[in-house]
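What follows is a short report on a single structure.
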Amino acid sequence: MLTKTSFQGKLTKTENLFIPFVVAGDPTPELTVEYAKRLQDEGADILELGVPYSDPLADGPTIQRAAQRALKAGMSLRKAIQLVPKLREAGVEIPVVIFTYYNPVMQIGHEALFDMLEENGAEGVLIPDLPYEESEEIRELAEARNIEFISLVAPNSDQRIQRIAESAKGFLYCVSTLGVTGERNEMSAEALSFIKRVKEYSQVPVAVGFGVSSYDHVKLVNEHADGVIIGSKIIRIIEDGLEKIKNGETEQALNDFSSSISTLIKG
Amino acid sequence: MLTKTSFQGKLTKTENLFIPFVVAGDPTPELTVEYAKRLQDEGADILELGVPYSDPLADGPTIQRAAQRALKAGMSLRKAIQLVPKLREAGVEIPVVIFTYYNPVMQIGHEALFDMLEENGAEGVLIPDLPYEESEEIRELAEARNIEFISLVAPNSDQRIQRIAESAKGFLYCVSTLGVTGERNEMSAEALSFIKRVKEYSQVPVAVGFGVSSYDHVKLVNEHADGVIIGSKIIRIIEDGLEKIKNGETEQALNDFSSSISTLIKG
Amino acid sequence: MLQVFPDIKGRFGDFGGKYVPETLMGPLQELEEALDQALEDPAFHEEYHHVLKEYSGRPTALTYADKMTDYLGGAKIYLKREDLNHTGAHKLNNAIGQALLAKRMGKEKIIAETGAGQHGVASATVAAKFGLECKVFMGEEDIRRQELNVFRMKLLGAEVVPVTSGNGTLKDATNEAIRYWVANCEDHFYLIGSVVGPHPYPRMVRDFQRVIGDESRRQFMEREEALPDRIFACVGGGSNAMGIFYPFLEDDVELIGVEAAGKGVHTPEHAATLTKGTPGVIHGSKTYLMQDENGQITEPYSISAGLDYPGIGPEHAHLFQTKRVRYESITDQEALDALKLLTVKEGIIPAIETAHALAQAFKEAPKMSEDETILINLSGRGDKDMATLMEHFQEEVE
Amino acid sequence: MLQVFPDIKGRFGDFGGKYVPETLMGPLQELEEALDQALEDPAFHEEYHHVLKEYSGRPTALTYADKMTDYLGGAKIYLKREDLNHTGAHKLNNAIGQALLAKRMGKEKIIAETGAGQHGVASATVAAKFGLECKVFMGEEDIRRQELNVFRMKLLGAEVVPVTSGNGTLKDATNEAIRYWVANCEDHFYLIGSVVGPHPYPRMVRDFQRVIGDESRRQFMEREEALPDRIFACVGGGSNAMGIFYPFLEDDVELIGVEAAGKGVHTPEHAATLTKGTPGVIHGSKTYLMQDENGQITEPYSISAGLDYPGIGPEHAHLFQTKRVRYESITDQEALDALKLLTVKEGIIPAIETAHALAQAFKEAPKMSEDETILINLSGRGDKDMATLMEHFQEEVE
Ligand SMILES: Cc1ncc(COP(=O)(O)O)c(C=O)c1O
Ligand SMILES: Cc1ncc(COP(=O)(O)O)c(C=O)c1O
């Protein structure tokens with residue numbers, strides 16, 4: 001198991017993965033780079049770089065707010081991908097997964113998307129509204145281009161769990177409970193048994209997302225899965241610092257960010 | 001023709017009849033008595049004493065207003081009839097016709113109505129919403145009690161004209177034009193030819209009402225019919241004096257009234 | 001076999017007749033003759049029923065109110081869905097009939113009175129459809145209260161004539177319409193909105209509304225293979241009630257007319273004409289009405305504009321006197337409660353008028369056995385009453 | 001013979017599919033299976049048609065618009081009267097179908113999105129009638145604009161959930177309803193209001209609306225002994241249009257869908273998705289939509305809330321691409337003019353949505369010959385639009 005982890009060889013760890021999610025351009029492209037660095041400093045293994053979207057069906061209010069801020073700042077799929085070289089320049093070396101809804105992808109075109117991902121050095125792509133049945137062409141392209149197409153699996157995926165898990169690349173995104181992104185305080189027995197099932201079929205690390213929001217969650221998840229994906233909670237920490245940034249105390253805000261992330265991940 | 005004019009023998013004239021209409025209690029019972037006297041002084045031959053009614057279907061806005069004033073002053077069918085002895089006391093000797101809608105009559109009862117008319121010395125009754133077909137019982141009672149039941153006939157009464165005219169008592173009320181009471185400035189050729197037809201059948205004087213409002217009208221009508229009934233115009237003259245009455249100049253208002261009536265009737 | 005009413009004098013027993021100014025006797029005669037001819041002419045029937053079907057969407061549905069029935073646990077409750085008519089109430093049936101008759105008589109102008117505006121909208125609607133000129137008389141106070149219906153009539157091309165006499169409500173609008181008709185009867189047709197007014201109106205309106213009962217009878221037989229045990233209808237002037245009752249008058253079916261008790265029949269604020277009124281004459285017809293000791297007509301009160309009328313159709317007065325129909329009364333509050341109940345149980349928001357019939361039926365249904373059946377005339381929809389309902393229920397639903 | 005759409009992947013040619021979060025794939029699968037079973041079960045058909053007839057009053061009338069026809073002087077104009085449905089529009093047909101399916105699937109809670117409130121009212125209505133719990137998602141801005149419909153839903157017992165995300169309009173309410181469904185799909189049924197959303201919704205809603213076309217076909221044959229030459233319907237999401245078009249797709253009948261051109265398709269303020277939009281994915285389905293160069297969905301504009309949607313059903317996208325249906329667009333002003341015209345000529349006040357279809361038909365009718373025929377889907381009544389109409393016509397009618 002877990003022999004084929006990849007991200008062009010950049011992900012070597014297969015346990016206790018910390019996969020943070022930030023929205024590109026929230027509140028500015030420059031700050032996104034700063035947050036990414038801090039996240040890497042706190043031990044992030046993969047960065048999910050979210051592309052803000054007008055109609056983010058799979059996201060809760062926290063990420064919707066972040067998307068609104070980023071859209072106001074002029075962010076787009078194209079610009080988000082072009083942010084990757086800037087991340088590299090700033091020293092972010094961990095694999096970057098572009099998280100985007102499908103409509104912007106369709107407008108750019110599949111080939112063009114992968115051209116851009118390659119050119120800008122992004123290692124993966126995740127499209128939350130492109131389920132297995134709609135993603136064949138993209139999955140094939142991703143494979144050909146050696147870019148990880150991240151799949152999601154949910155507790156109610158039922159008979160599809162096996163097929164999805166077996167074809168997963170990079171890591172498998174496990175939706176721990178039904179629902180959109182957000183913070184929850186418990187992890188149910190059903191969720192745990194679901195993760196167990198997924199791990200049976202998956203050839204890649206199984207990371208759990210949707211609702212991870214405290215050190216206790218992180219610990220719990222890591223006991224049963226290979227890593228955590230944290231989105232809304234991180235956005236909330238970013239939001240906590242927005243006032244300071246507005247007042248010009250950016251350095252202070254970033255330091256607060258680092259220490260909150262540290263508490264979240266390391267207790 | 002015209003041999004059977006009657007009103008208990010009190011109406012002896014059969015031409016150029018002047019039949020004014022006032023609303024009992026407009027603006028007060030006392031003033032109604034005063035107006036009646038003045039009208040008799042100006043040559044009135046019969047007094048139509050209107051009973052104010054909440055829903056006077058056959059009346060225009062002028063008489064509606066008068067009825068509202070009288071109702072406010074507490075007038076009713078019973079009280080209107082009881083005003084007759086007061087008229088007599090004050091010297092009004094001409095026949096009095098009680099003009100009332102049917103509903104108040106129905107509440108008092110037919111027999112009781114005639115008892116009251118007799119007791120109080122009213123010579124006639126006119127019920128504008130009790131057409132020939134609905135009035136058989138009342139007509140019989142009236143005949144038995146020797147009280148004139150005044151009938152109306154209209155240009156569109158058609159085949160009914162003969163029947164109505166032939167059975168008319170006291171005088172026949174000829175509705176000169178279609179419409180409710182009010183003031184009009186012309187009399188049509190059709191109206192005149194209608195009057196002619198009515199006179200052929202009528203055994204009593206034919207008086208024309210509904211719209212007589214100037215000396216010219218009066219002259220015109222008297223050329224073709226036996227008299228005029230004047231309502232709205234008289235109410236309007238009363239209204240002209242209301243302000244003075246409110247200011248305590250009642251005598252002046254009554255004198256104005258007399259002179260306006262004189263102009264209306266004698267030119 | 002009951003006697004056929006009205007008789008030749010336009011009377012239903014002691015009631016009815018033509019208590020009108022002489023000037024209207026001619027036009028009423030003309031109307032009566034035209035009506036008799038029309039009703040004997042199969043072509044007229046065909047046209048009338050064709051318009052009802054193609055334009056108004058008849059037959060209206062008969063709905064089994066299964067959830068209400070379960071909830072009350074007694075007689076099976078059926079609703080005759082007059083709310084599904086074009087313009088939302090039974091009023092259009094009659095307006096269509098009279099408009100066709102007006103055309104047949106060569107009258108190109110119609111006049112109508114309206115209180116809440118339902119009959120005004122129905123009249124304006126048929127005027128548009130049949131190319132007639134239309135004047136609607138409406139009290140000033142009602143114009144203020146029913147802004148939306150006023151606009152609707154105007155949009156349909158009708159002229160709305162404000163009536164300032166009296167209290168500026170339905171009674172006064174009716175007086176004024178009659179006065180206008182007196183002066184303009186030669187080329188105007190007066191389209192009365194309920195089974196009131198001088199003969200032949202009560203009969204004519206009933207005959208144009210009996211389609212409700214005729215359909216109900218057929219539909220009920222199809223559905224239950226029997227007639228309903230009781231039929232309920234609200235009574236303002238009484239047209240929806242006569243419409244549904246009439247075809248059942250000779251059957252063993254209990255008929256219940258429901259008047260508006262307003263704030264209670266023991267207060268002065270109600271419109272319970274039969275329950276509390278006395279015989280008299282109103283708008284050309286001998287019937288029951290609300291009046292003072294001097295025979296002056298008094299202002300009624302009901303939360304529902306369509307029941308807020310001091311008189312009632314003369315045929316109802318007769319059916320009351322002969323006890324063929326039982327008349328009950330329902331307060332504002334009871335009507336509102338019944339309206340709310342039907343809404344949440346059946347997804348149908350009825351007119352507040354209709355809710356009076358519902359309230360009475362809901363009182364009786366639980367005391368009846370499960371193999372008995374009830375038919376309620378759902379005379380109209382509640383859309384027109386939303387402002388009133390918001391006032392009463394806004395807090396409750398929040 | 002046309003290919004049967006949607007195909008096994010839920011596609012109509014290039015369009016449709018299921019572009020949804022993984023969590024919804026299970027519920028959509030479950031829905032598809034339940035739908036397939038239901039549609040094959042005669043008992044389900046019977047119940048659905050029984051409710052349509054007994055509760056909603058179907059069949060709705062086919063009205064010959066004689067005065068409009070005379071006025072325009074060309075093709076004969078017929079109206080399919082969906083405004084006569086209970087609650088006043090075609091929306092209820094679909095809501096009934098889905099509510100029955102929800103019950104069959106054992107789901108006791110439904111959710112729905114709404115813009116102007118028509119689908120919300122239809123959903124709250126069936127929820128009341130079938131004893132389901134109901135949450136309606138509605139943008140805050142729309143809640144403000146449609147106070148009356150909000151109250152109506154609450155009176156029916158539904159919970160109205162204010163949506164603050166985005167601009168607080170229909171698109172955002174739909175997003176939020178989908179999000180809520182994602183989190184609560186186990187016991188909730190999502191009752192979508194038009195032929196949009198992921199498979200099997202576009203197909204399901206079409207199949208629950210095709211009763212409009214099926215009835216029209218039968219009624220038209222009865223009346224004219226031929227099919228209509230052209231059929232017009234307005235297109236928001238496209239359900240009333242698919243409903244009337246579908247049974248005629250294989251016939252020699254010209255089909256015309258009419259979009260909202262708002263202030264003009266050459267301004268940014270319109271909702272003419274096919275005329276001006278481009279392919280993309282919205283609310284789980286590949287179709288045409290209004291978007292910027294980055295694939296962000298843009299806010300549409302139309303005076304009519306029901307057409308004010310940036311997407312369109314995928315089957316329409318397919319029919320557009322294959323040119324089987326012609327799509328036109330009509331501005332606010334043209335729609336208002338057509339509304340006014342129908343009102344004064346036929347006594348029918350249509351919904352402003354519907355008026356778009358009317359306007360296009362009225363443009364074409366005079367150019368057609370007198371032995372040609374036109375059928376217009378009169379999707380709803382204008383009662384809900386009175387406030388808007390007053391703003392536009394108050395001066396004119398005074
Ligand atoms: C829905 C509805 N029901 C009942 C009535 C009362 O009238 P009627 O007693 O003539 O049926 C009205 C009058 O406007 C009405 O709109
Ligand atoms: C009357 C009416 N027509 C049309 C529409 C547009 O929806 P669709 O395109 O799905 O028929 C609506 C939507 O609310 C509506 O209320």
Using a cut-off of under 4.5 Å on heavy-atom pairs, state which of C/His283, C/Lys286, C/Gln29 scores highest against chain B. C/Lys286
Single hit among C/Val196, C/Leu28, C/Leu35, C/Leu191 for side chain to side chain contact (heavy atoms under 4.5 Å, CB included) with C/Tyr201: C/Leu28
Checking C/Glu32, C/Arg11, C/Lys9 against C/His199 for side chain to side chain donor-acceptor pair (under 3.5 Å), the one that qualifies is C/Glu32
Interchain contact, B/Leu77 with chain C, by part (heavy-atom threshold 4.5 Å): neither
Using heavy-atom distances under 4.5 Å, tell me whether B/Asp158 contacts chain C through its side chain, its backbone, both, or neither. neither
Can you pull out the residues in residues 289-298 of chain C with any heavy atom less than 4.5 Å from chain B? C/Leu289, C/Gln291, C/Asn294, C/Gly295, C/Gln296, C/Ile297
Just by distance, do the side chain of C/Ser285 and the backbone of C/Val281 share a donor-acceptor pair under 3.5 Å? no
Part of B/Arg160 within contact of chain C (heavy atom distance under 4.5 Å): side chain
Report yes or no: do C/Tyr190 and C/Glu113 form a side-chain donor-acceptor pair below 3.5 Å? yes
Pair B/Tyr101, C/Tyr19 - check ring pair (Phe, Tyr, Trp, His ring centres under 6.0 Å), show working. CA-CA 9 Å; B/Tyr101 283 85; C/Tyr19 295 84; over 10 Å; no
Can you find a pair of side-chain heavy atoms, one from B/Gln82 and one from B/Pro29, that are under 4.5 Å apart? no
Give the member of C/Pro279, C/Pro198, C/Gly284 that has the highest number of heavy-atom pairs under 4.5 Å with chain B. C/Pro279
Is the C/Phe137 ring parallel, tilted or perpendicular to the C/Tyr180 ring (thresholds 30°, 60°)? tilted
Under 4.5 Å heavy-atom distance to chain C, tell me which part of B/Pro56 shows up: side chain, backbone, both or neither. both
Honestly, the part of B/Glu133 sitting under 4.5 Å from a heavy atom of chain C is both
Tell me, side chain or backbone of C/Glu176 under 4.5 Å from chain B's heavy atoms, or both, or neither? side chain
I'd like a table of donor-acceptor pairs (distance under 3.5 Å, sequence neighbours excluded) in which one partner is a side-chain atom from residues 112-123 of chain B, with atom names and distances.
| residue | atom | partner | partner atom | Å |
| --- | --- | --- | --- | --- |
| B/Asp115 | OD1 | B/Arg145 | NH1 | 2.7 |
| B/Asp115 | OD1 | B/Arg145 | NH2 | 2.9 |
| B/Glu118 | OE1 | B/Arg145 | NH1 | 3.4 |
| B/Asn120 | ND2 | B/Met116 | O | 2.8 |
| B/Glu123 | OE1 | B/Arg88 | NH2 | 2.7 |
| B/Glu123 | OE1 | B/Val96 | N | 2.8 |
| B/Glu123 | OE2 | B/Lys10 | NZ | 2.5 |
| B/Glu123 | OE2 | B/Arg88 | NH2 | 2.8 |

Would you call C/Glu159 and C/Lys109 a salt bridge, taking side-chain N to carboxylate O under 4.0 Å as the test? no
With a 4.5 angstrom heavy-atom cut-off, could you sort out which part of B/Leu71 is near chain C: side chain, backbone, both or neither? side chain
Do we get B/Arg139 above B/Tyr132's six-membered ring, with its NZ or CZ under 6.0 Å from the centre and within 45° of the axis? yes
With a 4.5 angstrom heavy-atom cut-off, is it the side chain or the backbone of B/Tyr102 that approaches chain C, or both, or neither? side chain
For B/Val153, run the side chain to side chain contact (heavy atoms under 4.5 Å, CB included) check against B/Val175, B/Val206, B/Ile164 and tell me which one passes. B/Ile164
